[in-house]
2 protein chains.
Amino acid sequence: MAAARTTRRNGRREALLQAAAEVFFEQGYAATSIDAIIERAGGSKRNIYNEFGNKEGLFSAIVTESADNLLSPLVIEEIEGHDLRATLTAFGRHSMDAYMSPTLIGIYRIAVTEANRFPDLVKSFYEQGPGRTAVRLAEVLEAARERGEIQADDCLRLAGHFVGMTRDNLHLQVVLGLRPPPSDEEAREAVASAVEIFLNGVRRSRK
Amino acid sequence: MAAARTTRRNGRREALLQAAAEVFFEQGYAATSIDAIIERAGGSKRNIYNEFGNKEGLFSAIVTESADNLLSPLVIEEIEGHDLRATLTAFGRHSMDAYMSPTLIGIYRIAVTEANRFPDLVKSFYEQGPGRTAVRLAEVLEAARERGEIQADDCLRLAGHFVGMTRDNLHLQVVLGLRPPPSDEEAREAVASAVEIFLNGVRRSRK
DNA sequence: CGTCAATGGTAACGCCTATTACCGGAGGCC
DNA sequence: GGCCTCCGGTAATAGGCGTTACCATTGACG
């Protein structure tokens with residue numbers, strides 16, 4: 001049956017992507033060799049070249065598929081009661097979880113260095129991930145503004161401030177490998193603190 | 001005279017560091033070849049190996065020296081009147097300028113991917129840069145807390161929130177090559193907005 | 001002006017990498 | 001069951017890399 005062959009092939013594809021992602025994320029794009037990937041995945045190089053064409057193709061597949069898996073929930077999930085505090089908290093927790101996940105940390109690391117080599121890839125990564133998140137949050141804030149709960153002149157900038165506040169030095173430290181991702185407890189505290197400041201800051205009259 | 005030889009040598013050293021930094025920042029560590037550096041700097045490979053020992057030595061020299069030049073002003077400068085708004089604004093502006101400078105963007109890009117290869121280098125980079133900045137700001141906040149101007153339980157976390165807010169998506173976009181560094185005007189606005197939110201957020205009673 | 005030490009340039013070495021040519025074997029199809 | 005197509009593994013190719021051996025040159029010093 002063709003189907004059997006297809007599923008077997010999909011399994012292979014998955015295994016390859018998995019192994020390749022691990023090596024790419026550990027070593028970076030340039031320092032990763034096809035041999036190293038095969039060593040981890042089993043099989044042979046021919047397998048990779050049949051499935052992805054070349055190294056660039058494999059890398060692109062990883063980034064787009066991982067980004068899809070990780071980031072789409074962030075967008076789709078309709079976090080939207082009318083309680084702004086709850087909404088922000090949920091938003092913060094979800095984005096923190098996503099940003100701190102090993103996979104996204106890995107992608108982030110490579111995206112940063114390979115921005116010159118894969119500009120399109122990086123652009124779509126940003127737009128589907130952090131960019132869309134910010135836009136979505138800006139909409140939420142806009143709605144709150146129209147309800148008179150907050151004062152703001154540029155909701156997109158405000159959204160940026162908020163996500164920046166939740167990311168802050170934690171993300172930097174994790175990305176630099178200086179500390180492990182935060183525990184649930186730490187994440188909860190960081191988000192709560194950020195939400196509190198943000199809400200207070202935005203609620204009162206601003207110039 | 002030995003002095004003449006020394007200064008000529010220092011000039012060479014500077015030129016090499018400059019050229020090497022450009023290539024490293026554009027291409028990343030692994031993808032940068034010694035030949036490419038020489039092509040840009042003139043001279044010959046022997047020059048590099050005499051001066052820096054090997055590729056790692058050259059790279060380490062770049063990171064430590066650039067970081068020193070760029071980050072030490074951030075710490076030394078004693079921004080400290082008793083006007084918290086002015087202090088925060090100055091702090092925000094300085095750190096924004098530093099973080100958005102092409103050199104620091106370049107270092108940041110590489111530090112992120114080469115964290116596994118050069119853990120010590122990355123650690124000292126963080127501690128001399130973002131880490132120390134946060135600690136310094138935390139001290140300022142602590143002082144304000146003791147004067148009763150703000151309420152806080154963890155000033156270091158608060159400091160992290162503030163710098164995160166000023167960096168926010170701008171830094172991410174610049175690092176990913178999706179937009180140029182902000183103009184003075186944009187930087188001013190972003191910092192002013194962050195300061196406003198932060199001050200309001202922190203001033204009122206927090207749980 | 002001759003000697004000597006050190007430095008800069010060229011070319012080689014050995015290794016590693018992405019990519020492909022080739023071949024053996026394992027199914028699908030009649 | 002026999003043929004045929006496709007796929008996976010091995011080994012070869014061609015190029016690039018960091019590093020070093022070797023030689024020419026230069027500038028200081030007596």
Side-chain angles (χ1 to χ4, degrees), chain A residues 1-63 110 113-114 116-118 121, chain B residues 1-63 110 113-114 116-118 121:
Chain A
M1 255 177 20
R5 188 181 290 182
T6 304
T7 53
R8 196 166 53 101
R9 192 166 158 166
N10 279 348
R12 200 63 135 196
R13 184 186 164 93
E14 277 310 307
L16 283 173
L17 282 173
Q18 175 70 28
E22 288 174 15
V23 185
F24 274 130
F25 296 166
E26 275 174 26
Q27 318 269 351
Y29 179 81
T32 294
S33 72
I34 304 283
D35 285 322
I37 297 171
I38 287 307
E39 202 170 328
R40 202 173 294 211
S44 103
K45 303 199 214 180
R46 210 80 258 284
N47 219 312
I48 289 183
Y49 285 93
N50 283 343
E51 187 71 29
F52 302 101
N54 55 18
K55 193 179 175 181
E56 274 194 33
L58 173 58
F59 180 69
S60 298
I62 290 175
V63 173
I110 302 199
T113 15
E114 303 302 327
N116 291 323
R117 210 186 312 259
F118 304 98
L121 208 55
Chain B
M1 247 171 34
R5 188 180 289 181
T6 305
T7 54
R8 195 165 55 100
R9 191 167 162 168
N10 280 349
R12 200 62 137 199
R13 184 187 165 91
E14 277 310 308
L16 283 173
L17 281 174
Q18 176 68 28
E22 287 173 17
V23 185
F24 274 130
F25 296 166
E26 276 173 27
Q27 317 268 350
Y29 179 81
T32 294
S33 72
I34 305 282
D35 284 323
I37 297 172
I38 286 307
E39 203 172 327
R40 200 172 295 210
S44 103
K45 302 200 213 179
R46 210 81 258 286
N47 221 313
I48 289 183
Y49 284 93
N50 282 342
E51 187 71 29
F52 302 100
N54 56 19
K55 192 180 177 183
E56 275 193 34
L58 173 57
F59 180 69
S60 297
I62 291 176
V63 173
I110 302 199
T113 15
E114 303 303 326
N116 291 325
R117 209 185 312 259
F118 303 99
L121 208 55

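Numbers restart at 1 for each chain; the letters A, B, ... are given by sequence-line order, proteins then strands. Worth saying up front: this structure is predicted, and the values here are computed from it rather than measured.
A:I62 approaches A:A20 most closely through the heavy-atom pair CD1-CB, 3.6 Å. For the pair B:A61 and B:L17, the tightest heavy-atom approach, listed with the atom from each and the gap, is CB-CD2, 4.0 Å. For the pair B:G43 and B:I38, the tightest heavy-atom approach, listed with the atom from each and the gap, is O-CG2, 3.4 Å.
Against DNA chain C, the stretch residues 37-45 of chain B makes heavy-atom approaches under 4.0 Å through B:G43, B:S44. Within residues 23-33 of chain B, the residues that place at least one heavy atom under 4.0 Å from DNA chain D are, in residue-number order, B:T32, B:S33. In the region residues 55-63 of chain A, proximity to DNA chain D at under 4.0 angstrom, judged on heavy atoms, holds for none of the residues.
For A:F52, there are no ring-ring contact (aromatic ring centres under 6.0 Å, His included) partners two or more places apart in sequence or in a different chain. Take A:E22 and apply the side chain to side chain donor-acceptor pair (under 3.5 Å) test, not counting sequence neighbours, and it matches A:Q18, A:R40. Here A:D35 pairs with A:K45 under the side chain to side chain donor-acceptor pair (under 3.5 Å) rule; sequence neighbours left out. Contacts of A:R46 classified as side chain to side chain donor-acceptor pair (under 3.5 Å), with partners at least two apart in sequence or in another chain: none. Not counting sequence neighbours, A:K55 has no partner by the salt bridge (Lys or Arg N to Asp or Glu O under 4.0 Å) test. Judged as a ring-ring contact (aromatic ring centres under 6.0 Å, His included), and not counting sequence neighbours, the contacts of A:F24 are A:Y29, A:F59.
Out of D:dG8, D:dC22, C:dT19, the shortest distance to the side chain of A:Y49 is found at C:dT19.
D:dT13 atom C1' lies 14 Å from atom CG of A:D35, rounded to whole Å. Distance CG (B:N47) to C1' (C:dA6): 13 Å, rounded to an integer number of Å. One atom, CD1 of A:I48, and another, P of C:dT17, lie 13 Å apart when rounded to the nearest Å. In this structure, CG of A:L16 is placed 14 Å from P of D:dC7, rounded to the nearest angstrom. Separating the CZ atom of B:R12 from the P atom of C:dT7 is a distance of 13 Å, rounded to the nearest angstrom.
Nearest-nucleotide positions on DNA chain C for A:N54 and B:R46 put B:R46 closer to the 5' end.
Rounding to the nearest 0.5 Å gives a distance of 7.0 Å between CD of B:Q27 and CZ of A:R117. Atom CZ of A:R13 sits about 12.0 Å away from atom CD1 of A:I48, to the nearest 0.5 Å.
Using a 4.5 Å heavy-atom threshold, the side chains of B:L58 and B:I37 count as touching.
Side chain of B:N54 to main chain of B:Y49: no donor-acceptor pair is present (N/O by atom type, distance under 3.5 Å, no hydrogens or angles).
Under 4.0 angstrom from either OP1 or OP2 of D:dG8 there lies at least one side-chain N or O belonging to A:N50.
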Identify each atom pair where a protein N or O and an N or O of nucleotides 24-26 of chain C are less than 3.5 Å apart, giving names and distance.
none

